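Numbered from 1 within each chain, the chains take letters A, B, ... in sequence-line order. Source: prediction; values computed, not measured.
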Number of protein chains: 2
Amino acid sequence: MALRYAILISLHEEAATGYEITKKFDQGMGFFWQASHQQIYLELKKMSDLGLVEFQHIEQDSKPDKKLYQITSQGIQALKDWLIQPVKTQTIKDSLLMKLYAGPLGSAQHLLDEVLRIKQEHVELLETFHAIEQEWFQNIDQQPLPYQYIYYTLRNGIHYVQSWLAWSEEVIPFLEKQAGAATR
Amino acid sequence: MALRYAILISLHEEAATGYEITKKFDQGMGFFWQASHQQIYLELKKMSDLGLVEFQHIEQDSKPDKKLYQITSQGIQALKDWLIQPVKTQTIKDSLLMKLYAGPLGSAQHLLDEVLRIKQEHVELLETFHAIEQEWFQNIDQQPLPYQYIYYTLRNGIHYVQSWLAWSEEVIPFLEKQAGAATR
DNA sequence: ATGAAATATGCAACTATTTGCATATACTGT
DNA sequence: ACAGTATATGCAAATAGTTGCATATTTCAT
């Protein structure tokens with residue numbers, strides 16, 4: 001159900017097309033929720049049938065037609081009701097750690113390559129996060145209240161990525177040693 | 001598919017019943033992969049049909065009968081093949097951050113309560129992790145190699161929980177201020 | 001010129017996961 | 001005595017998510 005409420009939160013910020021919501025899931029909200037365009041279009045249809053959102057057809061020259069969705073008062077109420085429910089504990093599905101756990105049955109070199117690749121992604125993500133922090137969240141306590149809340153979701157991301165990078169500095173030397181030992 | 005390989009890794013360590021594997025998913029492997037007993041029993045059946053595992057019936061007095069599963073050579077090969085595939089990037093589904101992102105539309109007091117509750121869980125988890133580290137992973141470079149790999153999955157967990165707790169120290173004062181302001 | 005990426009939406013099939021139920025015995029705590 | 005927890009496995013229904021495909025135009029890069 002959480003996808004539904006992620007979409008409602010996005011539409012509560014501003015009216016948008018399915019295509020635009022999909023892009024939002026690749027950016028800000030994407031850090032804590034991911035969804036494909038197929039999922040989003042299908043969910044928007046269901047939500048429209050339930051009266052949580054409504055849309056207007058917009059015809060465009062030189063581009064495909066689109067549907068601009070906006071949240072209804074019923075949608076806002078449903079979102080408010082959901083926001084005060086207890087949060088479900090986050091499930092973690094981390095196949096890198098699974099492969100590491102399997103240890104010597106796999107290849108230390110392969111694990112090392114993967115850790116280095118993901119490290120690079122995390123380094124870039126951290127730079128992006130810091131750039132966003134600089135650009136949008138300076139003097140945070142003077143920003144509008146909604147921004148202040150969003151700022152703390154960014155801070156969560158920064159903490160997470162930094163801790164992952166700190167861990168990688170521990171595991172990389174170990175994997176280098178194992179990968180080296182295997183070829184000798 | 002990853003559930004399948006999580007089970008194979010577990011059975012490669014030692015033969016086990018579905019019930020015992022379920023308990024493992026609540027402990028060590030549970031940090032990076034979760035699965036219900038329904039999922040595990042169903043998957044074991046499929047894996048048995050495919051010849052990746054085999055089982056023997058064990059009749060017990062005073063307890064229900066059980067099936068002891070063990071990995072086959074075919075299962076070991078399938079696992080080895082999977083271990084050298086690229087890892088899929090982890091998906092994060094964090095409804096706490098989603099509710100935080102929604103900000104003033106929800107209740108700061110409710111968010112604060114939830115953060116404090118999860119913080120308590122994380123404090124306890126960190127204690128558990130540290131206890132495991134002390135008991136099983138002292139003088140890590142003198143331990144058997146498979147233990148050394150597992151140690152780094154534990155280290156990942158420790159880093160993660162510590163970073164979450166550090167973040168909570170940032171967000172709690174903010175939410176306390178917001179919750180206080182709302183009642184005045 | 002030709003291919004790739006962006007814009008824009010959607011169906012169908014499959015895989016993964018959750019939720020609810022069902023069964024049966026024994027042990028432990030109140 | 002009675003309720004709850006542990007042991008042990010499983011089916012069925014529903015929801016959630018992935019993968020592959022389909023369509024149609026424009027703009028940008030090689």
Think [X] has a side-chain N or O under 4.0 angstrom from the OP1 or OP2 of [N]?
X	N	answer
B:Lys23	D:dT7	yes
A:Thr17	C:dT9	yes
A:Tyr19	C:dT7	yes

With respect to the side chain of [X], which nucleotide from [options] is positioned closest?
X	options	value
B:Lys93	D:dG17, D:dT15, C:dA6	D:dG17
A:Leu3	D:dA8, D:dT15, D:dG17	D:dG17
A:Lys63	C:dT9, C:dT7, C:dA16	C:dT7

> Does atom NZ of B:Lys93 have more than 12 heavy-atom neighbours from other groups under 6.0 Å away?
Replying inline: yes

>> Counting neighbours of CD on A:Glu59 that are heavy atoms of other residues, nucleotides or ligands and sit closer than 6.0 Å, is the number greater than 12?
In response: no

Whole angstrom is fine here: how far is it from [atom1] in [X] over to [atom2] in [N]?
X	N	atom1	atom2	value
B:Lys66	C:dA24	NZ	C1'	16 Å
A:Glu20	C:dA6	CD	C1'	13 Å
A:Asp26	C:dA6	CG	P	11 Å
A:Ile21	C:dA8	CD1	P	13 Å
A:Phe25	D:dA16	CZ	C1'	13 Å
A:Met1	D:dG17	CE	C1'	13 Å
A:Glu59	C:dT7	CD	C1'	16 Å

> What are the residues of residues 80-91 of chain B, sorted by number, that bring a heavy atom to within less than 4.0 Å of DNA chain D?
Replying inline: B:Lys88

> What are the residues of residues 32-52 of chain B, sorted by number, that bring a heavy atom to within less than 4.0 Å of DNA chain D?
Replying inline: B:His37, B:Gln38, B:Tyr41

>> Under a 4.0 Å threshold between the charged nitrogen and the carboxylate oxygen, would A:Glu20 count as salt-bridged to A:Lys23?
In response: no

> Can B:Lys99 be said to sit on top of A:Trp82's aromatic six-ring, NZ or CZ under 6.0 Å from centre and within 45° of the ring axis?
Replying inline: yes

> With respect to B:Gln120, which candidate in B:His122, B:Glu124, B:Arg117 satisfies the side chain to side chain donor-acceptor pair (under 3.5 Å) definition?
Replying inline: B:Glu124

> Do you reckon A:Ile132 sits in the same ILVMFWY cluster as A:Phe32, going by side-chain contacts under 4.5 Å, direct or chained?
Replying inline: yes

> When the aromatic ring centroids of B:Phe174 and A:Tyr151 are compared, is their separation below 6.0 Å?
Replying inline: no

> Which residue, A:Pro64 or B:Ala2, contacts DNA chain C at a nucleotide closer to its 5' end, judged by nearest heavy atom?
Replying inline: A:Pro64

> Side chains of A:Gln143 and A:Asn139: do they bring a donor and an acceptor to under 3.5 Å?
Replying inline: no

>> Can a side-chain donor-acceptor contact be found between B:Gln85 and B:Asp81 if the only test is distance below 3.5 angstrom?
In response: no

